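The structure that follows is given in the form of structure tokens.
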Amino acid sequence: MSGDRRVRRTRRLIQEALVALILEKGYEAVTVTDVIERADVGRSTFYSHFTDKHDVLLSNLDDHDFLRPAPDSGGGLFAFSLPMFEHARERGRLVRALLGRRGGGPLLAHGERLLAEIVRRELLAAGARPSGGLDLLVVCVVGAYMGLLRAWVDGETAASPAELDAAFRTAVEPGVWALIHGDVAYPHGRDE
């Protein structure tokens, strides 16, 4: 049991060191040596837990359940939205490091892929049919959500999670419902 506690503590020290360093100098400028020195662990200890700094970055997502929605609360379409904005506020420092201007670009892509899977499942459950139109809609929904999240993370807005959620829903729900109900015609004969 104490071994598990030591493993968790060591992983947390390394993760926290990376977050602090990203906030100080940006992801690209951080080296594994920087993380090792900040976490005050040996090189072999670092590599017994992680393969590289990108692995540490992704572990922050996995270990902190970021970009994972709360269990379906029956809140209708995009039930993930408000809980995820609230989760981002609760973990502000971590989220700023992971998704802010100084964060790692690969992490944004990873987060967008996770969110796209969630959005696609919700849209299919709401009655959308698999199609090129659905694929485009998923891209739009994810882009709108991540855009609002990044604007908040980078300090471009001081909106509350509820205000961010309302803006997100106002921007995307009319188009989503139009697609689901078949009210969307795609230019150049692309409706499928």
Side-chain angles (χ1 to χ4, degrees), residues 1-70 80-120 138-161 163-165 167-168:
M1 183 70 106
S2 66
D4 289 343
R5 222 180 354 245
R6 266 195 307 266
V7 167
R8 285 192 307 271
R9 181 180 176 279
T10 300
R11 287 180 61 84
R12 188 179 69 248
L13 285 171
I14 293 169
Q15 291 168 327
E16 289 172 356
L18 179 65
V19 167
L21 289 163
I22 289 171
L23 290 171
E24 287 172 23
K25 58 189 201 175
Y27 177 76
E28 294 303 321
V30 176
T31 66
V32 168
T33 300
D34 295 333
V35 175
I36 289 168
E37 289 174 2
R38 177 67 59 97
D40 196 22
V41 298
R43 188 166 292 278
S44 62
T45 299
F46 176 91
Y47 285 111
S48 70
H49 293 278
F50 300 102
T51 57
D52 56 19
K53 73 177 184 178
H54 184 71
D55 190 26
V56 179
L57 192 65
L58 292 180
S59 76
N60 272 300
L61 273 185
D62 296 336
D63 290 358
H64 296 284
D65 288 331
F66 185 72
L67 284 179
R68 285 195 174 58
F80 67 85
S81 176
L82 181 58
M84 284 175 57
F85 281 131
E86 289 171 339
H87 187 70
R89 181 185 61 195
E90 290 166 10
R91 301 205 182 270
R93 186 169 189 265
L94 173 66
V95 174
R96 272 190 298 285
L98 299 179
L99 299 178
R101 283 185 212 117
R102 296 180 154 259
L107 189 61
L108 287 175
H110 182 73
E112 287 172 350
R113 280 191 303 276
L114 289 173
L115 188 56
E117 292 170 17
I118 293 166
V119 168
R120 179 175 303 284
V138 168
V139 170
C140 291
V141 170
V142 169
Y145 192 87
M146 294 301 286
L148 285 168
L149 184 59
R150 280 192 301 261
W152 176 79
V153 163
D154 288 336
E156 296 169 15
T157 180
S160 70
E163 292 167 327
L164 292 169
D165 178 60
F168 168 69

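Owing to the predicted nature of the structure, the values given are computational and were not obtained by experimental measurement.
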With rounding to the nearest 0.5 angstrom, report the CH2 to CG distance, W152 to D154.
10.5 Å
So which atom in S59 and which in F50 form the shortest heavy-atom distance, rounded to 0.1 Å?
OG-CE2, 3.3 Å
Under a 4.0 Å N-O cut-off, is there an ion pair linking E163 with R89?
no
Under 3.5 Å, sequence neighbours excluded: what are the donor-acceptor pairs made by side chains of residues 30-40?
{"from": "T31", "atom 1": "OG1", "to": "T33", "atom 2": "N", "distance (Å)": "3.4"}
{"from": "T31", "atom 1": "OG1", "to": "D34", "atom 2": "N", "distance (Å)": "3.0"}
{"from": "T31", "atom 1": "OG1", "to": "D34", "atom 2": "OD1", "distance (Å)": "3.4"}
{"from": "T31", "atom 1": "OG1", "to": "D34", "atom 2": "OD2", "distance (Å)": "3.1"}
{"from": "T33", "atom 1": "OG1", "to": "R43", "atom 2": "NH2", "distance (Å)": "2.7"}
{"from": "D34", "atom 1": "OD2", "to": "K25", "atom 2": "NZ", "distance (Å)": "2.8"}
{"from": "D34", "atom 1": "OD2", "to": "T31", "atom 2": "N", "distance (Å)": "2.9"}
{"from": "R38", "atom 1": "NH1", "to": "E24", "atom 2": "OE2", "distance (Å)": "2.9"}
{"from": "R38", "atom 1": "NH2", "to": "E24", "atom 2": "OE1", "distance (Å)": "2.9"}
{"from": "R38", "atom 1": "NH2", "to": "E24", "atom 2": "OE2", "distance (Å)": "3.1"}

Would you call the rings of F85 and F168 parallel, tilted or perpendicular if under 30° counts as parallel and over 60° as perpendicular?
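Ring orientation of F85 relative to F168: perpendicular.
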Closest non-hydrogen atoms of R93 and V19, given as atom of the first, atom of the second and distance, are NH1-CG1, 4.0 Å
Between NE2 of H54 and CG of L18, what distance do you get to the nearest 0.5 Å?
11.0 Å
Drop me the distance from L148's CG to T157's OG1, to the nearest 0.5 angstrom.
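Result: 8.0 Å between the selected atoms.
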Is the shortest heavy-atom distance from the side chain of R9 to the side chain of R12 under 4.5 Å?
yes
Please find the pair of heavy atoms, one from K53 and one from Y27, that lie closest to each other, and give the distance.
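Scanning both residues, the minimum pair turns out to be NZ-O, 2.7 Å.
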Of L149, D165, L115, which meets side-chain contact (heavy atoms from CB on, under 4.5 Å) against M84?
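Single pass found, and it is L115.
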Hey, what do you get for OG1 (T10) to NE2 (H49), rounding to the nearest 0.5 Å?
4.5 Å
Of the non-hydrogen atoms in Q15 and V56, which two are nearest, and what is the gap between them?
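Smallest heavy-atom distance, with atoms named: CA-CG1, 3.9 Å.
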